[in-house]
Amino acid sequence: MHPYRTHTCGVLRKQDVGIEVKLSGWVHRKRDHGGVIFIDLRDHYGLTQVVVNPGSSFFEAVEQVRNESVVTLTGAVVARTPDTVNPSMDTGEIEVVAGSFIVESACDMLPFPVNQDLEYPEEARLQYRFLDLRREHMHRNILLRAKTAQLARQHLIEQGFIEYNTPILTSSSPEGARDYLVPSRLYPGEFYALPQAPQQFKQLLMISGFDRYFQIAPCFRDEDSRADRSPGEFYQIDIEMSYITQEDLFGELELLMCRLFKTLSNRKIVAEKFPRIPFREAIEKYGSDKPDIRFGLEMVDCTDLFCSCELKVFKNQVETGGAVKVLCAKNAAAQPRKFFDDAEAFAKGEGAKGLAWIALRDGELKGPIVKFLSDTEKQALVARMGAADGDALFFGAGQRAETNALLGKVRLYLGNALGLIDRSLAAFCWIIDFPMFEWNEEDKKIDFSHNPFSMPQGGLEALETKDPLDILAFQYDIVCNGIELSSGAIRNHRPDVMLKAFQIAGYDEETVRSKFPALWNAFHYGAPPHGGIAPGFDRIVMLLADEPNIREVIAFPLNQKAQDLMMGAPSEVMPKQLQELHLQIKYPPKA
RNA sequence: GGGGGCGUAGUUCAGUUGGUUAGAACGUCGGCCUGUCACGCCGAAGGUCGCGAGUUCAAGUCUCGUCGCUCCCGCCA
């Protein structure tokens with residue numbers, strides 16, 4: 001017999017009755033009846049019920065063994081009597097009668113139960129992640145992650161893509177997120193940086209004559225975390241192609257996403273050709289560049305209706321160039337007062353000022369602001385919104401950008417509170433036509449709004465003749481259910497365009513040459529037009545698994561404060577290590 | 001850096017307008033039990049109510065501070 005096992009705990013069936021087996025695994029649960037003891041033995045593959053009869057030499061050892069200890073036992077597979085068959089277990093028609101039993105490794109008292117799928121404090125879960133991962137739910141998530149990676153690879157290879165590796169130790173780049181730095185031993189005072197993304201390398205691969213690149217690429221950014229954003233490191237399904245248009249890339253990604261979601265989730269994909277929504281339209285209709293389009297409830301611009309309105313909050317905003325936007329929530333008028341208060345409270349965090357609501361009940365408009373509106377204004381409003389009796393209108397008034405953001409939050413609140421969101425759907429969309437530049441109010445200068453390596457629409461001519469803030473880029477995001485999965489772009493591949501774009505953002509030629517020497521040089525030696533995208537792998541798995549938090553689909557995540565509680569990272573290092581790296585620590589003053 | 005929520009046994013939670021010895025379930029330990037599958041029954045141990053100050057005759061409960069966790073904003077080209 002094998003040293004540990006002849007079978008795993010998930011495979012034995014009725015046809016195996018009669019054979020002798022050797023099983024190893026964890027004591028998932030134990031039922032001690034005094035005379036007979038049942039053990040549910042668990043391994044990666046499943047559960048098998050083991051029966052320990054009285055008189056066994058190891059009976060006492062079984063009585064004493066604690067849950068989650070690792071044991072090895074031998075025994076005969078027997079059929080359960082019809083009244084003891086457990087139909088909810090895969091192996092429920094058989095059981096193994098123990099003939100020998102040893103404890104491989106005993107388990108201490110557990111910090112939390114492993115055999116239940118309940119919520120426990122994340123601190124304990126992360127400190128004892130090896131136990132947390134034994135739990136069925138987490139085990140399943142990690143397997144789903146592996147399947148997602150495998151299917152993505154398989155699909156992309158079938159589509160003619162090739163997987164490349166790019167460096168982990170590279171150079172720091174001035175744009176973008178805060179870098180993780182790695183001090184150089186050989187060059188005092190100099191540093192490597194971990195890549196925020198393999199952006200420049202994949203572009204260089206295109207220039208090297210390869211085509212259709214992909215990599216499930218680790219990326220490192222020293223920025224604070226969110227529920228859908230791990231601190232420190234994450235993975236992207238990084239893709240780049242030569243000689244493509246934006247639409248070519250969209251088609252390729254739609255195939256990949258649909259394949260992943262059809263195969264690995266139960267979500268119904270709303271449209272397999274994802275709607276293209278221009279950035280400005282998304283902001284105006286949904287108040288967000290990552291709209292959740294599982295439901296409608298679009299914002300309508302009613303600014304012109306309130307030019308001479310008696311309601312000062314509205315009128316003042318309109319006169320100072322602001323906007324009044326309105327949402328029409330169907331059949332929401334009958335909601336209790338708390339519903340309306342909560343809508344305001346939900347948006348309050350956004351610095352809500354001009355927020356108001358009106359309910360249409362019994363053919364009349366009701367709410368705090370109604371008395372300030374003329375009959376003409378009321379009629380125009382109802383007509384434009386297509387409002388009917390029983391509906392409720394929500395208003396946002398203020399400067400346009402803030403109002404859009406504010407009412408966008410209200411829209412999400414209403415979508416949730418009114419049950420407008422069908423959670424079984426996967427609603428993808430492309431947000432296109434991002435502006436190339438944006439105004440940085442703090443530094444009083446023009447910045448790149450997204451990716452500095454994107455091709456501006458209109459090329460060099462646009463850069464030279466248009467107002468920079470009016471220039472759009474071949475830059476796009478893919479969004480699913482209100483979660484941004486990725487940005488991508490058709491890249492700029494010409495040195496003259498690169499130079500001009502960086503000049504507009506305040507970088508001179510010398511800076512471009514010295515900070516991006518590779519791309520700058522490479523663009524002078526025949527660069528193909530190319531473009532790509534990099535959907536966040538962890539976020540895709542999160543959506544597939546229907547998890548609210550990205551740490552649920554990562555085996556060993558850092559906590560919110562970027563610490564590894566299990567390994568004790570980050571940690572201080574030996575003085576000798578610092579010396580070799582020519583580093584000295586200057587601690588911040590203690591408060 | 002800023003804001004919201006939370007903090008009671010190993011774990012999940014309850015704890016009334018401030019009022020006697022802070023409870024339950026699961027887990028742990030001990031005892032009983034030969035067919036359970038979340039086995040059942042009896043018993044025991046286990047608490048600085050995050051920490052510190054304040055108000056009060058009296059604080060788990062009220063106030064302030066502080067620490068921790070979490071979610072959000074900033075940030076993430």
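As the structure is a computational prediction, the values presented were derived from the model and not from experiment. Here is the naming used below: chain letters follow the sequence lines, and residue numbers restart at 1 for every chain.
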Heavy-atom protein contacts under 4.0 Å, nucleotides 31-37 of chain B, coded B base, S sugar-phosphate only, - none: --BBBBB

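Atoms CD1 (Ile37(A)) and C1' (G40(B)) sit 15 Å apart, rounded to a whole Å. What separates CZ of Arg178(A) from C1' of G1(B) is a distance of 11 Å, to the nearest Å. Rounded to an integer number of Å, the gap from Phe234(A) CZ to C76(B) P is 13 Å. Distance Tyr120(A) OH to U70(B) P: 18 Å, rounded to the nearest Å. With rounding to whole Å, Glu119(A) atom CD is found 15 Å from G7(B) atom P. Counting to the nearest Å, the C1' atom of G68(B) and the CG atom of Asn559(A) are 11 Å from each other. Between the P atom of C69(B) and the CD atom of Glu123(A) lies a distance of 6 Å, rounded to the nearest Å. Rounded to an integer number of Å, the gap from CD of Gln127(A) to C1' of G10(B) is 13 Å.
Asp179(A) comes within 4.0 angstrom of no nucleic acid atom, judged by non-hydrogen atoms across all strands. If you check every strand for non-hydrogen atoms under 4.0 Å, Ser454(A) touches nothing. Note on Arg125(A): nothing from the nucleic acid sits closer than 4.0 angstrom, heavy atoms only. Within 4.0 Å (heavy atoms only), Gln116(A) reaches sugar-phosphate atoms of the nucleic acid but no base atom. If you check every strand for non-hydrogen atoms under 4.0 Å, Pro452(A) touches a base.
C57(B) and U20(B) have their C1' atoms separated by 14 Å, with the value rounded to a whole Å. A gap of 14 Å separates the C1' atoms of A9(B) and G50(B), to the nearest Å. Taking atom P in both U63(B) and A22(B), one finds a spacing of 24 Å when rounded to whole Å. Nucleotides C13(B) and U70(B) are separated by 15 Å at their P atoms, to the nearest Å. As rounded to the nearest Å, U17(B) and G10(B) have P atoms that lie 28 Å from one another. As rounded to the nearest Å, A59(B) and G43(B) have C1' atoms that lie 34 Å from one another. U8(B) and C71(B): their C1' atoms are spaced 23 Å apart (whole Å). Remark: the separation of the P atoms in G54(B) and U61(B) is 14 Å, to the nearest Å.
Looking at Tyr120(A) and Asp132(A), their side chains never bring a donor and an acceptor atom within 3.5 Å of each other. Using modelled atom types and a 3.5 Å distance limit, the side chains of Ser56(A) and Asn53(A) yield no donor-acceptor pair. With no hydrogens or angles considered, no side-chain donor-acceptor pair links Glu123(A) and Asn559(A) at under 3.5 Å. Asp43(A) and Thr8(A) share no donor-acceptor pair across their side chains, judged by distance under 3.5 Å alone. Between Gln196(A) and Asp179(A), the side chains place a donor N or O and an acceptor N or O closer than 3.5 Å (distance only, hydrogens not considered).
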side-chain hydrogen bond (donor to acceptor under 3.5 Å, both in side chains) between Ser225(A) and Ser230(A), intermediate numbers included: CA-CA 5 Å; Ser225(A) 71; Ser230(A) 10; over 6 Å; no

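A ring pair (Phe, Tyr, Trp, His ring centres under 6.0 Å) with Phe453(A) is found for exactly one of Phe523(A), Phe516(A), Trp520(A), namely Phe516(A).
Within the structure, a side-chain polar atom (N or O) of Arg551(A) is placed less than 4.0 Å from OP1 or OP2 of C71(B). Between Asn549(A) and U70(B), a side-chain N or O to OP1/OP2 separation shorter than 4.0 Å is absent. Contact check, Gln560(A) against C69(B): no side-chain N or O comes under 4.0 Å of OP1 or OP2. The phosphate of C29(B) (OP1 or OP2) has a side-chain N or O of Arg66(A) nearer than 4.0 angstrom.
A salt bridge is absent between Arg226(A) and Asp228(A); no separation between the charged side-chain nitrogens and carboxylate oxygens falls under 4.0 Å.
Using Watson-Crick or G-U wobble geometry with both donor-acceptor distances under 3.5 Å, G19(B) finds its partner in C57(B).
Ser69(A) contributes no side-chain N or O that, together with a main-chain N or O of Val65(A), makes up a donor-acceptor pair within less than 3.5 Å.
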